[in-house]
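Okay, so here's the structure we're looking at.
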Amino acid sequence: MATEFKRFTVSVTPELERKLDKMKKEQYYNQSQSKMVRDLITRGLMVKQSGQTDNADVKCCESLD
């Protein structure tokens, strides 16, 4: 049974794009970019839901424009 996915668009800064490209080459080289982004989103949600605040002072988003 195939899993259905919802398509959406995300805009990123050039700096974030470079970081994602580097991560893709180093850690997700055998997976699609979509799978990498799904994994990163899932991991980020798990951290947020766990209530971890170790990196609370780290700036997550450059801009919410």
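Positions are given from 1, in the same order as the sequence printed here.
- Considering every non-hydrogen atom in both Val12 and Leu16, the closest pair reads CG1-CD2, 3.7 Å.
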Please tabulate, for side-chain N and O atoms in residues 32-50, each donor-acceptor pair with protein atoms closer than 3.5 Å (sequence neighbours left out).
{"unit_1": "Ser32", "atom_1": "OG", "unit_2": "Lys35", "atom_2": "N", "d": "3.0"}
{"unit_1": "Asp39", "atom_1": "OD1", "unit_2": "Arg43", "atom_2": "NE", "d": "3.3"}
{"unit_1": "Asp39", "atom_1": "OD2", "unit_2": "Tyr28", "atom_2": "OH", "d": "2.3"}
{"unit_1": "Asp39", "atom_1": "OD2", "unit_2": "Arg43", "atom_2": "NE", "d": "2.8"}
{"unit_1": "Thr42", "atom_1": "OG1", "unit_2": "Arg38", "atom_2": "O", "d": "2.8"}
{"unit_1": "Ser50", "atom_1": "OG", "unit_2": "Val47", "atom_2": "O", "d": "2.8"}
{"unit_1": "Ser50", "atom_1": "OG", "unit_2": "Gln52", "atom_2": "N", "d": "3.4"}

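- The NZ atom of Lys25 lies 12.0 Å from the CG atom of Leu20; values are rounded to the nearest 0.5 Å.
- Residues satisfying the side-chain contact (heavy atoms from CB on, under 4.5 Å) criterion with Gln27, sequence neighbours excluded, are Met23.
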